Peer 1: 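Structure below; questions to follow.
Below, read A as the first sequence line, B as the second, and so on, with proteins coming before strands; counting in each chain starts at 1. Here the structure is a predicted model, which is why all the values come from computation and not from measurement.
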Amino acid sequence: MDLSVTPNDADQVAAAILSWYDQHGRKSLPWQQNRTAYKVWLSEVMLQQTQVNTVIPYFENFITRFPDVQTLAAAGIDEVLHLWTGLGYYARARNLHKCAQVVTDKYKGEFPEDPELLEALPGIGRSTAAAIAAQAYNKRAAILDGNVKRFLARLHCVPGWPGQGNTLKALWRLAEHYTPQQRCQAYTQAVMDIGALVCTRRNPKCDQCPAERWCAARLTASQHDFPHSKPKKTNPVRQSTLYMLYVPNSGYLLLQRPPTGIWGGLWSLPDAKEIKNLLGQLPETEEKQHLEHKFSHFTLQAEIHLCTLNTQQNKPLSLNIREQGQRWYNPEQPDNIGLPGPIHKLLHALRT
DNA sequence: AAGACGGGGTC
DNA sequence: GACCCAGTCTT
């Protein structure tokens with residue numbers, strides 16, 4: 001690893017990056033128009049582990065429904081999760097909502113400028129705090145997202161994969177090293193753009209890169225070796241049984257999942273144990289479907305039991321359904337609630 | 001320090 | 001089908 005850098009190098013590299021940004025950088029992303037800290041924050045949280053093109057429609061929907069942080073703070077979590085459905089990592093949506101409330105109550109609706117204060121807010125870590133400080137307030141703060149990690153790992157041939165402690169430490173050191181005192185808003189956008197558009201994972205366009213002349217990987221033709229990829233392990237398979245319990249004139253029974261864990265806070269189908277708790281017994285299965293869904297860390301295989309409960313049998317259920325965390329869902333008139341993608345698909349595939 | 005947490009895009 | 005992505009939080 002080549003960490004033999006001098007301040008002079010950093011100034012030159014940053015100047016080249018800024019010059020590249022003026023010519024080629026992205027300046028018309030939705031959150032760059034009429035820029036506010038609220039928009040920057042919302043986009044940055046959405047962009048955690050999610051790519052720009054996926055985020056754009058979600059961002060537009062959120063801004064339309066929640067034009068400012070107070071409106072978002074005042075909304076119900078169910079509606080926030082509903083608009084978030086499909087983005088994944090639903091803890092982000094819960095933290096987003098909580099953060100909006102803290103900013104509204106504690107900061108009178110104005111996001112703080114200090115990265116340390118920003119990082120103390122729910123859902124804002126070191127990189128996102130820096131991104132908000134730099135992009136919304138043009139303060140000097142170093143970011144280190146996936147794009148910047150790849151760019152810096154190549155620039156200095158940093159060994160290891162970015163999940164490793166030492167690797168991350170080296171990358172943060174480099175990120176701090178190159179971040180300039182001036183024009184930090186443009187610089188942070190520039191390094192992200194370079195990572196996304198030029199220093200891509202495969203087929204990097206080194207001839208278009210403003211840092212080509214300083215890049216250790218380019219010099220040794222080892223761009224494809226950096227950053228090292230995460231050691232892979234085989235994903236386990238988890239099996240479960242889920243019930244699509246239909247009650248005429250009511251809909252399908254959904255239960256809200258716990259706030260943490262898979263599909264946290266979202267509404268999903270009950271499993272056999274939950275059905276038994278509610279009905280005292282398992283209803284007769286009319287039809288079975290198979291569901292397979294791959295998560296990043298395991299594969300879910302579920303057997304879906306389709307059941308219909310007639311009105312005479314469902315007395316106890318009718319009473320219990322008033323409990324919190326239980327609801328009927330009518331696909332014909334869907335509620336604005338958070339539904340996991342595969343569950344939404346199941347509930348709406350029946351209309352044949 | 002390591003693992004949990006999603007769904008979509010890409011090749 | 002494998003791999004990756006504008007990270008953060010929990011243990």
Peer 1: For A/E116, I'd like to know if atom CD has over 12 heavy atoms of other residues, nucleotides or ligands within 6.0 Å.
Peer 2: no
Peer 1: Just to be sure I understand the rule, does A/Q189 reach a base, reach only the sugar-phosphate, or reach nothing, if contact means heavy atoms closer than 4.0 Å?
Peer 2: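 Base contact - A/Q189 has a heavy atom under 4.0 Å of at least one base atom.
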Peer 1: Roughly how many Å is it from CD in A/Q48 to C1' in C/dC5, rounded to a whole number?
Peer 2: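 In whole Å, C/dC5 C1' lies 12 Å from A/Q48 CD.
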Peer 1: Round to the nearest Å and state the distance from A/Y90 atom OH to C/dT8 atom C1'.
Peer 2: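 So the OH-C1' distance, A/Y90 to C/dT8, works out to 17 Å.
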Peer 1: Could you check how far NZ of A/K233 sits from P of C/dC3, rounded to whole Å?
Peer 2: 13 Å
Peer 1: Using a cut-off of 4.0 Å on non-hydrogen atoms, how would the nucleic acid contact of A/T50 be classed: base, sugar-phosphate, or nothing?
Peer 2: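 Contact class for A/T50: base.
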Peer 1: If you find the nucleotide of DNA chain B closest to A/T260 and the one closest to A/G163, which residue's nucleotide is nearer the 5' end?
Peer 2: A/G163
Peer 1: Kindly assign one of parallel, tilted or perpendicular to the pair A/Y178 and A/H156, based on the angle between their ring planes and the thresholds 30° and 60°.
Peer 2: tilted
Peer 1: Could you tell me how the ring of A/H348 sits relative to the ring of A/Y329: parallel (under 30°), tilted (30 to 60°) or perpendicular (over 60°)?
Peer 2: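 Perpendicular: the ring planes of A/H348 and A/Y329 meet at over 60°.
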Peer 1: So, A/R218 and A/D207, do they make that salt bridge, N to O below 4.0 Å?
Peer 2: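 No salt bridge links A/R218 with A/D207.
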Peer 1: Is any NZ, NE, NH1 or NH2 atom of the basic residue among A/D22 and A/K27 found under 4.0 Å from an Asp or Glu carboxylate oxygen of the other?
Peer 2: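 Answer for the salt bridge query: no.
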Peer 1: DNA chain C: A/E119 or A/G195, which has the more 5' nearest nucleotide?
Peer 2: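 Its nearest nucleotide being more 5', the pick is A/G195.
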Peer 1: Would you mind classifying the nucleic acid contact of A/V52 as base, sugar-phosphate or nothing, using non-hydrogen atoms under 4.0 angstrom?
Peer 2: base
Peer 1: Quick one: label A/R94 by what it contacts on the DNA or RNA (base, sugar-phosphate, nothing), any heavy atom closer than 4.0 Å.
Peer 2: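 The answer is nothing, as A/R94 stays clear of every strand by at least 4.0 Å.
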Peer 1: C/dC4 P sits how many Å from A/W161 CH2, rounded?
Peer 2: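 Taking CH2 of A/W161 and P of C/dC4, I get 11 Å after rounding.
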Peer 1: With a strict under 4.0 Å distance from non-hydrogen atoms of chain A, what nucleotide opens and what nucleotide closes the contacted stretch of DNA chain B, reading 5' to 3'?
Peer 2: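 Nucleotide range in contact with chain A: B/dC5 to B/dC11.
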Peer 1: Touch check for A/I262, heavy atoms < 4.0 angstrom, all strands: base, sugar-phosphate only, or nothing?
Peer 2: sugar-phosphate
Peer 1: Looking for any heavy atom pair under 4.0 Å, which part of the strands does A/L96 touch: base, sugar-phosphate only, or nothing?
Peer 2: nothing
Peer 1: Round to the nearest Å and state the distance from A/Y89 atom OH to C/dT10 atom C1'.
Peer 2: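 Interatomic distance, OH of A/Y89 to C1' of C/dT10: 14 Å.
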Peer 1: Step through the shown structure and confirm whether more than 12 heavy atoms of other residues, nucleotides or ligands are within 6.0 Å of CD on A/Q182.
Peer 2: no
Peer 1: Nearest 0.5 Å please: distance from the CG atom of A/L29 over to the CG atom of A/D193.
Peer 2: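 One gets 7.0 Å once the value is rounded to the nearest 0.5 Å.
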Peer 1: Ring-plane angle category for A/H24 and A/W20, please: parallel below 30°, perpendicular beyond 60°, tilted otherwise.
Peer 2: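 Because their plane-to-plane angle lies in the 30° to 60° range, the rings of A/H24 and A/W20 count as tilted.
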Peer 1: Less than 4.0 angstrom between a side-chain N/O of A/S229 and OP1 or OP2 of C/dC3, yes or no?
Peer 2: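 The answer is no; no side-chain N or O of A/S229 sits under 4.0 Å from OP1 or OP2.
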Peer 1: Calculate the interatomic distance between A/L144 atom CG and C/dC5 atom C1'; express it in whole Å.
Peer 2: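 Value for this atom pair: 14 Å.
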Peer 1: For A/N53, which contact category applies under a 4.0 Å heavy-atom criterion: base, sugar-phosphate, or nothing?
Peer 2: nothing
Peer 1: For A/A16, check side-chain contact (heavy atoms from CB on, under 4.5 Å) against everything at least two apart and list the hits.
Peer 2: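 So A/A16 forms a side-chain contact (heavy atoms from CB on, under 4.5 Å) with A/P210, A/W214.
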Peer 1: Is the ring pair A/F298/A/F295 parallel, tilted or perpendicular, if the boundaries are 30 and 60 degrees?
Peer 2: parallel
Peer 1: Nearest whole Å is fine: how far is C/dC9 C1' from A/K98 NZ?
Peer 2: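 The distance from NZ of A/K98 to C1' of C/dC9 comes to 16 Å, rounded to the nearest Å.
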Peer 1: Using a heavy-atom cut-off of 4.0 Å across all strands, would you classify A/S127 as base, sugar-phosphate, or nothing?
Peer 2: sugar-phosphate
Peer 1: A/Y246 vs A/Y252 aromatic rings, parallel, tilted or perpendicular, using cut-offs 30° and 60°?
Peer 2: tilted
Peer 1: Considering only atom P, compute the distance from B/dG6 to C/dT10 and round it to an integer number of Å.
Peer 2: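 Pairwise P distance, B/dG6 against C/dT10, rounds to 13 Å.
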Peer 1: When you match A/H293 and A/G165 each to their closest nucleotide on DNA chain B, which lands nearer the 5' end?
Peer 2: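 Residue closer to the 5' terminus by nearest nucleotide: A/G165.
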Peer 1: Roughly how many Å is it from CD1 in A/I132 to P in C/dT8, rounded to a whole number?
Peer 2: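 One finds 9 Å between P of C/dT8 and CD1 of A/I132, rounded.
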Peer 1: Which residues in residues 199-207 of chain A have a heavy atom closer than 4.0 Å to any atom of DNA chain B?
Peer 2: A/R202
